[in-house]
Each structure stands twice: as structure tokens, then as C-alpha cells.
Amino acid sequence: MLQSHMQKIDKEQYLINSLTSEHIGDDAAVIGDTLYSMDAFFEDVHFKREWMSLTQIARKAMLVNISDAIAMNAKPQYALVTLSLPKDIRDFEIELLTEVLESTAREYGCEIIGGDTIGGDKLHLSITIVSKSDNPLFRTGLQAGDLLAYTGVLGESGANLQALMRGEEIEEGARFYEPVLRAEFVERARPYLRVGMDISDGLYCDTNKLLDINKYGKEDLLLIDDNIGLSGEEYEMLIGFDPAHLEEVKKIAEETGTPLTVFAKAAKNSERYPCKSHHF
């Protein structure tokens with residue numbers, strides 16, 4: 001059964017709020033120069049087997065986990081992978097899963113060093129990434145008047161999902177299958193960025209999270225269409241920076257081939273975006 005993503009957000013936030021560690025609140029937990037992050041990628045929660053090949057499933061599972069490291073200006077080092085494998089999966093399919101997980105991790109300098117495998121009714125993947133950074137990008141630190149911007153062209157992943165749910169086919173390289181991670185942009189722009197996070201729950205919902213944790217509201221500079229604001233699983237970057245650095249950030253975006261849209265600025269109010277359920 002597909003779950004309400006809004007319900008997922010509420011329960012996830014409730015759980016986070018119930019924990020007491022000072023390391024919770026960003027895309028990864030930072031301890032010294034080491035970052036730890038983990039995301040699940042579960043059948044009938046994040047994907048359906050009839051929608052995706054095993055290659056696409058394994059690749060996206062690894063990319064969405066590496067995205068957390070990239071979002072914090074960290075370089076992935078190691079991965080731990082837990083697989084729940086359905087009884088009808090064949091040996092060559094297991095080999096394919098592991099080959100794609102390893103090759104995708106290697107693209108970002110990451111090595112799979114262990115994990116666990118269990119039997120189950122569905123295909124589930126849970127991945128922990130250990131990464132390094134000497135200048136991590138946090139969600140906290142936003143100041144009044146800072147510009148808010150996003151990378152890429154949002155909306156495709158949400159449109160892809162709606163098409164799949166209608167029983168339609170989407171292109172093999174569609175955004176829902178193949179997130180684009182902005183590692184070079186984040187690394188080069190880091191000196192000018194105050195805050196950042198990846199866009200997994202949609203621009204509206206994730207901007208609200210950023211505003212909440214910094215205790216600011218927003219002033220719109222651009223009218224955002226709901227198809228853009230509510231499109232989840234984009235894994236583009238949401239960033240905040242001093243307006244004085246706009247030209248530097250724009251130049252880096254241009255040089256790295258990164259579309260960049262400034263859409264709002266942080267303000268001393270309580271304005272929020274309408275955060276609605278946008279996928280499972």
C-alpha cells in the first residue's frame with residue numbers, strides 16, 4: 001500500500017524531535033571531520049518494481065544516499081548496505097544489484113565496505129554513507145535578507161511520478177530514475193553559502209524546514225508554480241547566501257553548468273509555503 005508522504009513527514013519530524021542528540025538536524029550527522037548519513041529505499045514506499053529495472057533501483061538508492069553527503073559539502077568515503085531480498089529474486093539479479101551499487105558508489109569515490117542481507121517479502125535497501133569534510137555546509141546560519149535559491153530545473157521528478165502512477169511510461173533517463181547531484185557546484189560555492197540542503201521532500205516543504213530551523217519567514221521574489229514547489233525527490237540543492245555574493249554564486253553556477261534560480265529571501269516574519277503530500 002502506498003503511504004501518505006505528508007504522514008511520513010509528520011511522523012519523521014516527531015521522531016527527530018523525540019531524539020536528544022545535538023548531532024541531529026542536518027542531512028548528515030557531523031562528528032569532527034566525519035559525516036554519517038543513512039536513507040532507506042523501500043519497495044512500495046519509494047518505488048514499485050514494475051516501474052524500475054534493478055539497475056535503476058540500485059543506482060537511485062545509492063545516489064539519493066550520496067546526495068546527503070554532497071549537500072553538506074562532504075566527500076563520500078565508505079558505504080554500508082543492508083538489503084532485504086524477496087524469495088523469488090535470482091542469483092544473477094543479486095549480482096546485478098551489487099555491481100550497480102558498487103559502480104555508482106565508485107563514481108563518487110565511495111567504497112562499499114559491508115552491511116547485511118536478510119530475506120523478506122519485498123526489495124528494500126538501506127544505505128549508510130560515511131563521508132569527510134573540512135568545511136561542511138549546515139542548514140543553520142541563515143540571516144535576515146539572505147537570498148534563497150535552488151539549482152536545476154524542478155518539476156520533472158514529480159511529473160514523472162504522476163505519469164508512472166497513471167500507468168504511463170517515462171524516458172529511461174528521466175529525473176525520477178536519475179537524480180543529478182551538484183558536487184562541483186557545492187564545493188566551489190561553499191565559501192559564499194550560509195546554508196544548504198538537498199531537495200527531497202519538495203521545494204515548498206524543504207524551504208519551510210530551512211526557515212523553521214533558522215526561525216525566519218520568507219519574502220517571495222518569484223512566483224513558484226505548485227508543480228515546481230511540490231515536486232519531491234529532485235535532489236537538487238536549496239541554498240541561502242548573502243545578497244552581496246550573488247554574482248560570485250551565479251558565476252560558479254554558470255561555470256559548472258548548474259541552472260540557478262533565486263526565488264525568495266529570508267525575512268523576519270512567519271510566512272511559509274503550502275507543504276502538501278506530493279508522492280507516496
Answer yes if Ile57 and Met38 sit in the same cluster of Ile, Leu, Val, Met, Phe, Trp and Tyr residues linked by side chain heavy atoms under 4.5 Å apart, and no otherwise. no

Considering all heavy atoms, the nearest Asn65-Asp39 contact: OD1-N, 2.8 Å

At their closest point, which heavy atom of Ala266 faces which heavy atom of Leu142, and how far apart are they? CB-CD2, 3.6 Å

Would you indicate whether the side-chain heavy atoms of Ile70 and Tyr235 approach each other to under 4.5 Å? no

Does the ring of Tyr273 carry Lys218 above it, NZ/CZ under 6.0 angstrom from centre and within 45° of its axis? yes

One pair to check against side chain to side chain contact (heavy atoms under 4.5 Å, CB included): Ile66 and Met62. What are the steps and the verdict? CA-CA 6 Å; Ile66 289 175; Met62 184 58 70; 3.7 Å; yes

Are the side chains of Arg139 and Val195 in contact, using a 4.5 Å heavy-atom criterion? no

The test is salt bridge (charged side-chain N to carboxylate O under 4.0 Å, His left out); show your working for Lys122 and Asp44 and say whether it passes. CA-CA 8 Å; Lys122 298 178 182 179; Asp44 290 338; 3.0 Å; yes

Between Gly120 and Ser84, the two heavy atoms sitting closest are CA-OG, 3.7 Å

Rounded distance [0.5 Å steps], CG in Leu63 versus CG in Asp68: 12.0 Å

Considering only NZ, NE, NH1 and NH2 on the basic side and carboxylate oxygens on the acidic side, decide whether Asp201 and Lys209 come within less than 4.0 Å. yes

Roughly how far, to the nearest 0.5 Å, is CD of Glu172 from OH of Tyr177? 9.0 Å

I'd like to know if Lys251 and Glu254 make a salt bridge, using a cut-off of under 4.0 Å between side-chain N and carboxylate O. no

pair Leu123-Leu97: side-chain heavy atoms closer than 4.5 Å: yes

Does Ser103 reach the main-chain N or O of Val100 with its side chain, forming a donor-acceptor pair under 3.5 Å? yes

Tell me whether Ser133 contacts the main-chain N or O of Asn135 through its side chain, where contact means a donor paired with an acceptor under 3.5 Å. yes

Cluster link Ile170 to Met165, ILVMFWY, side chain under 4.5 Å: yes

CG on Leu193 to CZ on Arg188, rounded to 0.5 Å: 12.5 Å

I'd like to know whether CG of Asp134 has more than 12 heavy-atom contacts from other residues, nucleotides or ligands below 6.0 angstrom. no

Any His124 side-chain heavy atom under 4.5 Å of Phe41 side chain: no

In Å, rounded to the nearest 0.5 Å, how long is the span from CG of Asp27 to OG of Ser67? 7.0 Å

Nearest heavy-atom contact between Val180 and Arg182 is CG1-CZ, 3.7 Å

Got a salt bridge between Arg272 and Asp212, using NZ or NE/NH1/NH2 to carboxylate O under 4.0 Å? yes

Within a strict 4.5 Å, meaning less than it, do heavy atoms of the Pro243 and Asp146 side chains meet? yes

So, Asp226 and Tyr204: side-chain donor and acceptor under 3.5 Å apart, yes or no? yes

Any chance CG of Asp91 has more than 12 other-residue heavy atoms, nucleotides or ligands included, within less than 6.0 Å? no

For Ile213 against Leu210, the heavy-atom pair lying closest together: CG2-O, 3.3 Å

Tell me which one of Arg59, Lys60, Gln56 satisfies side-chain hydrogen bond (donor to acceptor under 3.5 Å, both in side chains) with Glu178. Arg59

Rounded distance (nearest 0.5 Å) linking atom CG of Leu230 with atom CG of Asp225: 9.0 Å

So Leu96 and Thr98, side chain to side chain contact (heavy atoms under 4.5 Å, CB included) or not? Walk me through it. CA-CA 6 Å; Leu96 177 61; Thr98 55; over 6 Å; no

Mark yes when over 12 heavy atoms from residues, nucleotides or ligands other than Met52 sit less than 6.0 Å from its CE; otherwise mark no. yes

CD of Glu169: more than 12 outside heavy atoms within 6.0 angstrom? no

Given the rule in the side chain to side chain contact (heavy atoms under 4.5 Å, CB included) test, do Glu111 and Glu102 qualify, once you have shown the distances and angles that lead to the verdict? CA-CA 7 Å; Glu111 178 185 358; Glu102 284 193 319; over 6 Å; no

In one Ile/Leu/Val/Met/Phe/Trp/Tyr side-chain cluster, 4.5 Å: Leu222, Leu203: yes

Carboxylate-amine/guanidinium contact Lys87 Asp121, below 4.0 Å: no

Go through Ile94 and Ile89 one step at a time and tell me if the side chain to side chain contact (heavy atoms under 4.5 Å, CB included) criterion holds. CA-CA 7 Å; Ile94 296 173; Ile89 198 165; 4.1 Å; yes

Over 12 foreign heavy atoms within 6.0 Å of CD, Glu171: no

Would a 4.5 Å heavy-atom cut-off, applied to side chains only, mark Ile239 and Phe185 as touching? yes

Is the shortest distance from a Lys or Arg side-chain nitrogen in Asp242 or Arg194 to a carboxylate oxygen in the other one below 4.0 Å? yes

In this structure, would Val130 and Ile113 fall into the same cluster of hydrophobic residues linked by side-chain contacts under 4.5 Å? yes

Looking just at side-chain N and O atoms, do Lys132 and Thr34 make a donor-acceptor pair shorter than 3.5 Å? yes

Is Val64 reachable from Trp51 through a run of I, L, V, M, F, W or Y residues, each pair having side-chain heavy atoms under 4.5 Å apart? yes

Locate the shortest heavy-atom distance separating Ile112 from Ala105; write the atom from each residue and the value. CG1-CB, 4.5 Å

Validation row: Ile129, Pro76 side chains within 4.5 angstrom (heavy atoms): yes

List the steps and the verdict of side chain to side chain donor-acceptor pair (under 3.5 Å) for Glu107 and Thr104. CA-CA 5 Å; Glu107 289 179 24; Thr104 305; 4.8 Å; no

Please set out all donor-acceptor pairs under 3.5 angstrom arising from side-chain atoms of residues 147-161, sequence neighbours excluded.
unit_1	atom_1	unit_2	atom_2	d
Thr151	OG1	Glu236	OE1	2.5
Thr151	OG1	Met237	N	2.8
Glu156	OE2	Arg175	N	2.8
Ser157	OG	Gly232	O	3.0
Ser157	OG	Glu233	O	3.3
Asn160	OD1	Arg175	N	3.3
Asn160	OD1	Phe176	N	3.0
Asn160	ND2	Glu156	O	3.3

For Tyr216, does its backbone N or O pair with a side-chain atom of Asn214 as donor and acceptor, under 3.5 Å? no

Heavy-atom side-chain proximity of Leu238 to Asp198 below 4.5 angstrom: no

Distance, nearest 0.5 Å, that separates CG of Leu101 from CZ of Arg106: 11.0 Å

For Ser53 and Thr55, which I'm curious about, is there any donor-acceptor pair between the side chains at under 3.5 Å? no

